[in-house]
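Working notes, beginning with the structure itself.
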Amino acid sequence: MTAQDAGRNDLAPIGGFFERHPPGAQAGPSVLDAWTGGRPYAAFVNARSAFAALAGAFPEAMVWLPAFLCRDLVQPAYAERIRFYPVLEGFEPDLAPVIAEARAGDLVLVAAYFGLPISAKARRALQGRPDLRVVEDCAQALDPGPDAGAAWRLFSPRKLLGVADGGVLVARDASTALPQPSGVANGEALWAAPSLRAADPAGRNNAEWHAANQAKEAAMAATSEAMTDASAEILSRTSRDSLAGPRMANWLGLDGRLRAWSALPAEPASPPLGHVLRLAPAERDRVLKGLHAARIFAAVHWPAIAGPAEDFPRETQWTRELITLPCDHRYGAAEMARIADAVEALLR
């Protein structure tokens, strides 16, 4: 990226929320089949709704959450029952407080950060407490690998492909509690932004569809509504391999140039959500601003976290250090080169 590139409107946008995924069946198991594996599932309008329903099914249980977590998942209905636990360097959950202090039947969420599988260390820790109710948060994971022995897995498909909504809660087996949605979501409102972006591949009306998506996200709430039929159809007709292969190839392309600033391991076991950079706070802000000016819509996970800042300074610091670069299936080598060029120019 040259200085002249910053602020150009003729550059096609890279990243940001997904446009409506094009229809069509592809070889291999669908995203929905790969996630559920034939197990029972519930399809809510979003992940926070699914998790709130699950927490509501166990009103006496404490709800253990990692401090490094999207603040939107936390809902008032169970907020008084929440306990936070730390996350260590490398985004490794520190489950020691959970193992030592949780009561039998407590609900424990563990996150597959940036799409990577739950670590072997965390799996072993949870195996030592089979009396806990464990939920694996796969919101950022296209392929989270073998389950961590959890009773449930929770997916948030709109973070990974072009669906407008969805919170897919997968139970371990038919004997596992599985709350179901009861209402119907407003599909017209949910699909407005993805449809606007799909109709504008060159990104000339970026401001319009960005504003529509911002309004949609601001209106998201925890409800009893079900995922829209349109999202369910796309998840049922899109193969996971068609998304995972390009995502991994793109990630590796970026990593070949940006490894020095990477916050993730060099050989990820699954396709990451994006290529995550870790920079000094002032440098992070400058790079993020420069990327956005070049219409590379890198993300921050997260601007604010669920855990109290005063209790979790390490996790709070990450909100000022991390950038997630897009590497999903919409793009190829040319777009990854454009991203890497831009980052390298901004870091000189």
Side-chain angles (χ1 to χ4, degrees), residues 14-18 66-73 86-93 110-119 122 137-145 156 158-161 243-244 246-292 294 296-307 312 314-331 335-347:
I14 301 175
F17 76 95
F18 287 88
F68 188 59
L69 186 72
C70 180
R71 186 178 283 180
D72 291 339
L73 189 73
V87 180
L88 304 175
E89 289 294 332
F91 311 111
E92 174 70 28
V110 289
Y113 286 115
F114 302 108
L116 303 185
I118 305 297
S119 71
D137 178 3
C138 302
Q140 299 180 334
L142 184 62
D143 179 6
S156 184
R158 77 180 189 279
K159 299 177 178 64
L160 298 162
L161 72 156
L243 309 178
R247 184 180 286 271
M248 182 64 91
N250 287 338
W251 189 92
L252 291 170
L254 287 177
D255 199 58
R257 304 229 348 231
L258 305 177
R259 163 81 345 223
W261 302 282
S262 178
L264 300 185
E267 297 181 2
S270 297
L273 175 71
H275 196 280
V276 185
L277 307 181
R278 186 175 182 183
L279 306 170
E283 190 173 49
R284 193 286 298 268
D285 292 346
R286 180 174 58 79
V287 170
L288 191 64
K289 182 179 179 180
L291 290 173
H292 288 176
I296 297 169
F297 299 137
V300 172
H301 293 95
W302 291 272
I305 58 171
F312 298 98
R314 175 179 50 245
E315 296 87 337
T316 300
Q317 182 70 8
W318 293 337
T319 70
R320 300 189 285 268
E321 295 177 338
L322 302 179
I323 297 177
T324 305
L325 302 173
C327 66
D328 59 78
H329 59 277
R330 295 175 288 181
Y331 310 115
E335 290 85 1
M336 297 304 103
R338 181 176 146 201
I339 294 171
D341 287 346
V343 172
E344 289 178 339
L346 289 162
L347 287 172

Checking R314 against Q317 for the side chain to side chain donor-acceptor pair (under 3.5 Å) test, could you report, in this order, the C-alpha distance in whole Å, the side-chain angles of both residues, the deciding distance, and whether it holds? CA-CA 5 Å; R314 175 179 50 245; Q317 182 70 8; over 6 Å; no

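- Between atom CG of residue L160 and atom CZ of residue R158 there is a gap of 10.5 Å, rounded to the nearest 0.5 Å.
- Two residues are said to be in side-chain contact when any heavy atoms from C-beta on lie closer than 4.5 Å; P268 and M248 meet this criterion.
- Under a cutoff of 6.0 Å and an axis angle of 45°, R330 and F18 form a cation-pi pair.
- A donor-acceptor pair is defined here as one N or O able to donate and one able to accept, closer than 3.5 Å; no such pair exists between the side chain of S156 and the backbone of K159.
- A distance of 11.5 Å separates CZ in F91 from NE2 in H301, rounded to the nearest 0.5 Å.
- With a 4.5 Å cut-off on side-chain heavy atoms, L277 and H275 count as touching.
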Derivation of the side-chain contact (heavy atoms from CB on, under 4.5 Å) call for R338 and I14: CA-CA 9 Å; R338 181 176 146 201; I14 301 175; 3.6 Å; yes

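- At a threshold of 4.5 Å between non-hydrogen side-chain atoms, the residues P93 and P66 do not count as touching.
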E92 and V87: CA distance, side-chain angles, deciding distance, side-chain contact (heavy atoms from CB on, under 4.5 Å) verdict: CA-CA 6 Å; E92 174 70 28; V87 180; 5.8 Å; no

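- Here the shortest heavy-atom pairing between C327 and L254 reads CB-CD1, 4.1 Å.
- Of the possible donor and acceptor atoms, none in the side chain of T319 sits under 3.5 Å from a partner among the backbone N and O of A304.
- Counting only heavy atoms from C-beta outward, the side chains of V343 and L291 approach each other to under 4.5 Å.
- The structure places CG of D143 at 4.5 Å from OG of S270, a figure rounded to the nearest 0.5 Å.
- Considering only heavy atoms from C-beta on, P326 comes within 4.5 Å of I339 through its side chain.
- A salt bridge links R278 to E89: at least one charged side-chain nitrogen sits closer than 4.0 Å to a carboxylate oxygen.
- Qualifying salt bridge (charged side-chain N to carboxylate O under 4.0 Å, His left out) partners for R247, counting only residues two or more places apart in sequence or in other chains: none.
- Minimum heavy-atom separation, P272 to L264: CB-CD1, 4.0 Å.
- With respect to R257 and D341, a salt bridge is recorded, a charged nitrogen being found less than 4.0 Å from a carboxylate O.
- D137 places none of its side-chain heavy atoms less than 4.5 Å from the side chain of V110.
- Side-chain contact between L288 and L279 is absent, with no heavy-atom pair separated by less than 4.5 Å.
- Scanning both residues, E315 and P86, for their nearest heavy atoms gives OE2-CA, 3.3 Å.
- Proximity of a side-chain donor or acceptor of N250 to a complementary backbone N or O of P246 within less than 3.5 Å is detected.
- By the 4.0 Å N-to-carboxylate-O rule, E321 lies too far from R284 to be salt-bridged with it.
- Residues V300 and L322 approach most closely at CG2-O, 4.0 Å, considering heavy atoms.
- Note: W251 CH2 to S262 OG = 5.0 Å, rounded to the nearest 0.5 Å.
- Two rings, from Y113 and F68, have their centers less than 6.0 Å apart.
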Full working for side-chain contact (heavy atoms from CB on, under 4.5 Å) between L273 and D328: CA-CA 8 Å; L273 175 71; D328 59 78; over 6 Å; no

